**Q** 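Below are the structure tokens for one structure; questions will follow.
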Number of protein chains: 2
Amino acid sequence: MNNAWHTEMLAEAKAGGRVSDRDIVDKVRRAVLMQRLPPGTKLPEVTLGEVFGVSRSVVRKALTRLASEHVIDQRPNQVARVRAPSIEETRETFDARRLVEGEVVALLAGRLPAEAMAALSEQARGEVAAFERGDEPARIEHSLTLHHLLAEHSPNRVLGAMLTDLVLRTSIVIALYKRAGLASCYLAGDHTRLLAHLEAGDAEAARGDIHDHLNGLEALLDLSPREARIDLKSILGRATEQA
Amino acid sequence: MNNAWHTEMLAEAKAGGRVSDRDIVDKVRRAVLMQRLPPGTKLPEVTLGEVFGVSRSVVRKALTRLASEHVIDQRPNQVARVRAPSIEETRETFDARRLVEGEVVALLAGRLPAEAMAALSEQARGEVAAFERGDEPARIEHSLTLHHLLAEHSPNRVLGAMLTDLVLRTSIVIALYKRAGLASCYLAGDHTRLLAHLEAGDAEAARGDIHDHLNGLEALLDLSPREARIDLKSILGRATEQA
DNA sequence: GGCCGTTCTCTTGTATACAAAATGTAGCCA
DNA sequence: TGGCTACATTTTGTATACAAGAGAACGGCC
């Protein structure tokens with residue numbers, strides 16, 4: 001039984017002091033994003049409770065939130081499991097994000113205050129630096145932050161909230177379906193180009209940048225049906241192994 | 001203290017036998033949609049528990065789900081309240097729905113199986129009939145079902161789920177901001193026209209139909225800022241009245 | 001040897017008890 | 001009269017106990 005993540009999370013949890021359901025959500029989400037919790041991993045309520053030092057009440061609330069974020073699957077009378085989005089859903093998630101993020105950046109073009117542009121540029125620069133020194137986790141962090149900033153600054157907050165969700169979901173499937181042997185899902189220049197068009201106020205160019213960026217990202221994934229089956233098997237294998 | 005809805009819900013609840021969190025979510029959602037629960041109405045956990053004959057555990061789960069559906073506001077250490085979307089959010093919700101539903105119907109054009117088309121037509125016909133006999137609740141029901149069917153048949157299920165959420169949210173704000181004295185928010189022919197274009201497979205025409213339909217709906221609302229203040233006052237008045 | 005039913009354990013579903021926070025109220029003082 | 005503080009009530013946050021269901025292991029049977 002693989003329960004290495006127990007001790008890892010416990011260490012992080014203790015450092016922060018008291019833990020609330022939000023802490024659990026953040027930690028689990030991060031662990032899924034970083035693939036420390038592979039799809040299919042069971043997340044029993046008592047176990048999580050022991051790990052974080054809280055009762056099942058808090059854990060249950062956290063699990064409910066994680067389910068609404070599409071991070072885990074929660075079925076009645078069954079242990080919650082880390083979700084394994086299908087190939088089909090992956091494609092649909094990318095399509096949805098193209099639509100929503102394209103609209104958001106089009107709305108955003110030429111409207112971003114200087115400080116927001118500066119924050120975005122900082123993330124873009126940080127991503128380049130992290131890539132060049134081979135620090136993939138840090139690069140992902142910067143890239144995620146950049147897109148989350150776009151979502152936060154969306155003039156349309158409803159679309160912004162949707163984008164936040166879609167960014168998380170695409171990140172999860174990228175980690176899941178990243179072509180084996182690929183060190184990084186970095187697309188040089190994409191973010192810089194987008195930021196330039198945003199500052200110039202060219203809405204359609206920005207929308208095009210987003211489309212190109214997401215197409216490029218999707219092309220880095222291995223979404224062939226044959227591989228999908230193999231992946232499914234390994235997921236199921238892992239699931240029983242950790243039961 | 002106005003607690004008429006207690007007895008009303010209780011009656012409905014008892015009829016169904018055992019109640020689960022899903023039942024509570026459905027009933028409260030419906031009540032909000034039908035404006036039996038005006039914005040600002042407090043929803044204390046114990047009260048709901050007594051009404052439905054369940055403990056706070058179940059109620060809490062239901063409230064969490066309702067909050068994730070944007071039906072209620074849940075703040076820490078505070079009683080849950082029926083949400084009152086602002087004028088600004090109303091406009092943004094309509095914009096988001098135009099984008100998403102437009103894309104969904106564009107994807108759907110020419111791809112709907114005969115049985116699905118038949119189900120959609122039936123709802124459209126039912127809406128006309130309900131309008132003509134002046135049964136507004138039934139008309140709303142048919143209209144809602146029609147749009148939910150569109151969302152369910154979306155080839156892209158991620159967008160479909162988003163559309164389901166947006167349909168609910170727009171329905172709530174329509175009920176909220178409907179111009180006073182307007183008997184119905186019915187736009188004759190809109191749904192029929194859309195269905196014709198869907199069957200003909202004209203994606204862009206269908207997208208246009210959705211844009212027109214939502215523009216027409218939005219035009220029926222009273223979204224002037226001056227009125228907004230008055231509405232806010234009345235909302236606050238109601239909230240204290242029912243405290 | 002393989003398949004099926006039973007039991008047994010583990011996990012979730014629900015209810016309740018207690019603690020903490022916030023709100024509302026009354027009384028006091030300037 | 002107006003505002004403020006202290007108290008009382010209400011309501012949520014958390015933990016725990018018990019019940020019900022699902023899944024796994026075991027034994028019997030074909």
Side-chain angles (χ1 to χ4, degrees), chain A residues 1-3 6 13-14 16-28 37 40-68 72-83 235-243, chain B residues 1-3 5-6 13-14 16-28 37 40-68 72-83 236-243:
Chain A
M1 186 185 285
N2 173 14
N3 52 3
H6 293 180
K14 290 246 170 175
R18 294 168 195 160
V19 291
S20 74
D21 60 317
R22 188 168 293 269
D23 298 315
I24 300 178
V25 171
D26 290 341
K27 295 242 186 321
V28 173
L37 258 43
T41 306
K42 287 185 177 181
L43 300 173
E45 297 175 359
V46 283
T47 309
L48 281 174
E50 289 167 2
V51 169
F52 287 102
V54 293
S55 88
R56 279 177 56 212
S57 318
V58 183
V59 174
R60 274 173 87 76
K61 188 181 291 188
L63 288 177
T64 303
R65 297 190 76 87
L66 284 166
S68 80
I72 65 169
D73 258 338
Q74 221 181 1
R75 310 180 71 126
N77 294 320
Q78 223 161 326
V79 305
R81 288 221 279 253
V82 177
R83 232 169 88 85
I235 288 165
L236 293 176
R238 274 179 191 161
T240 53
E241 183 186 308
Q242 295 181 349
Chain B
M1 189 187 283
N2 172 15
N3 50 5
W5 58 273
H6 293 179
K14 289 245 169 173
R18 294 167 196 161
V19 292
S20 73
D21 59 318
R22 188 168 295 272
D23 298 315
I24 301 178
V25 171
D26 290 342
K27 294 246 187 319
V28 172
L37 257 43
T41 306
K42 286 186 178 181
L43 300 173
E45 298 175 0
V46 284
T47 309
L48 282 173
E50 287 166 5
V51 169
F52 287 102
V54 293
S55 87
R56 280 179 54 212
S57 318
V58 185
V59 174
R60 273 173 88 73
K61 189 181 289 187
L63 289 177
T64 303
R65 298 190 74 88
L66 285 166
S68 81
I72 65 169
D73 258 339
Q74 223 180 0
R75 309 182 69 127
N77 295 317
Q78 222 160 325
V79 307
R81 288 219 279 253
V82 177
R83 232 169 88 85
L236 294 176
R238 274 179 190 160
T240 52
E241 183 186 309
Q242 293 180 352

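None of the values given here were measured: they were computed from a predicted structure. Hydrogens, waters and symmetry mates play no part in the numbers below; they use all other heavy atoms, side chains included.
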**Q** Among residues at least two apart in sequence or on other chains, which ones pass side chain to side chain contact (heavy atoms under 4.5 Å, CB included) with Val54(B)?
**A**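 Partners of Val54(B) under the side chain to side chain contact (heavy atoms under 4.5 Å, CB included) test: Val19(B), Ile24(B), Phe52(B), Val58(B), Val59(B).
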**Q** Measure from CZ on Arg22(A) to C1' on dG13(D) and round the result to the nearest Å.
**A**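 In whole Å, dG13(D) C1' and Arg22(A) CZ are 15 Å from each other.
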**Q** My understanding is that only residues two or more places apart in sequence, or in another chain, count here; which of them pass side chain to side chain contact (heavy atoms under 4.5 Å, CB included) with Gln78(B)?
**A**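 Here the qualifying residues are Arg75(B).
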**Q** Strictly distance-based, threshold 3.5 Å: is any side-chain N or O of Asp26(A) a donor or acceptor partner for the main-chain N or O of Asp23(A)?
**A**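 No, because the side chain of Asp26(A) does not come within donor-acceptor range (under 3.5 Å) of the backbone of Asp23(A).
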**Q** Atom CD of Glu45(B) to atom P of dT14(C): distance rounded to whole Å?
**A**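 About 15 Å, once rounded to whole Å.
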**Q** Would you name the heavy atoms of Ala80(B) and Gln74(B) that are closest together and state the gap between them?
**A**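 Closest approach of Ala80(B) to Gln74(B), heavy atoms only: CB-CG, 4.2 Å.
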**Q** Any idea which of dT16(C), dG13(D), dT16(D) is nearest the Ser55(A) side chain?
**A**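 Nearest nucleotide to the side chain: dT16(D).
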**Q** Please work out which residues in residues 72-80 of chain A have a non-hydrogen atom less than 4.0 Å from an atom of DNA chain D and list them by number.
**A**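 Asn77(A), Gln78(A) - these, ordered by number, are the residues of the stretch whose heavy atoms sit under 4.0 Å from the strand.
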**Q** Residues in side chain to side chain contact (heavy atoms under 4.5 Å, CB included) with Ser57(B), at least two apart?
**A**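 Applying side chain to side chain contact (heavy atoms under 4.5 Å, CB included) to Ser57(B) gives Ser55(B).
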**Q** Could you check how far CZ of Phe52(A) sits from P of dT14(D), rounded to whole Å?
**A**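 In whole Å, dT14(D) P and Phe52(A) CZ are 14 Å from each other.
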**Q** Which of these nucleotides, dA15(C), dT14(D), dT12(C), is closest to any side-chain atom of Arg56(A)?
**A**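 When the side chain of Arg56(A) is considered, dT12(C) is the closest of dA15(C), dT14(D), dT12(C).
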**Q** Nearest whole angstrom, please: distance from the P of dT12(C) to the CG of Asp21(B).
**A**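 It is 16 Å, rounded to the nearest whole Å.
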**Q** Apply side chain to side chain contact (heavy atoms under 4.5 Å, CB included) to Val82(A) and list each qualifying residue two or more places apart in sequence or on a separate chain.
**A**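 Listed in chain order: Val32(A), Leu37(A), Thr41(A), Leu43(A).
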**Q** Whole angstroms only, please: what is the NZ-P distance between Lys42(B) and dA22(C)?
**A**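 Roughly 14 Å, once rounded to whole Å.
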**Q** Whether Arg60(B) contacts dG13(D) is assessed here as follows: a side-chain N or O lying under 4.0 Å from the phosphate OP1 or OP2. Is that the case?
**A**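 Yes, because at least one side-chain N or O of Arg60(B) sits under 4.0 Å from OP1 or OP2 of dG13(D).
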**Q** Rounding to an integer number of Å, can you tell me how far Lys61(B) NZ sits from dA15(C) P?
**A**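 Atom-to-atom, Lys61(B) to dA15(C), this comes out as 11 Å.
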**Q** What is the distance, rounded to the nearest whole Å, between atom CG of Asp23(A) and atom P of dT14(D)?
**A**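 Value for this atom pair: 11 Å.
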**Q** Quick check on DNA chain D: between Val54(A) and Leu63(B), whose nearest nucleotide comes earlier from the 5' end?
**A**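 Its nearest nucleotide being more 5', the pick is Leu63(B).
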**Q** Salt bridge (Lys or Arg N to Asp or Glu O under 4.0 Å) with Arg60(A): which residues, sequence neighbours excluded?
**A**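 Counting only residues at least two positions away or on another chain, Arg60(A) forms a salt bridge (Lys or Arg N to Asp or Glu O under 4.0 Å) with Glu45(A).
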**Q** Within this structure, what is the CZ-to-P distance between Arg65(A) and dG13(D), rounded to whole angstrom?
**A**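 Taking atom P of dG13(D) as the reference, CZ of Arg65(A) is at 11 Å.
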**Q** How would you list, by chain and number, every residue that makes a side-chain hydrogen bond (donor to acceptor under 3.5 Å, both in side chains) with Arg83(B), sequence neighbours excluded?
**A**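 Residues passing side-chain hydrogen bond (donor to acceptor under 3.5 Å, both in side chains) with Arg83(B): Glu89(B).
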**Q** Counting a pair only when it is Watson-Crick or G-U and both distances are under 3.5 Å, which runs of at least 3 such pairs involve DNA chain C?
**A**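 Stems for DNA chain C, defined as runs of 3 or more consecutive pairs: C:1-30 with D:1-30.
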**Q** Suppose we screen for salt bridge (Lys or Arg N to Asp or Glu O under 4.0 Å). Which residues come up paired with Arg22(B), at least two apart in sequence or across chains?
**A**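 Salt bridge (Lys or Arg N to Asp or Glu O under 4.0 Å) list for Arg22(B), sorted by chain: empty.
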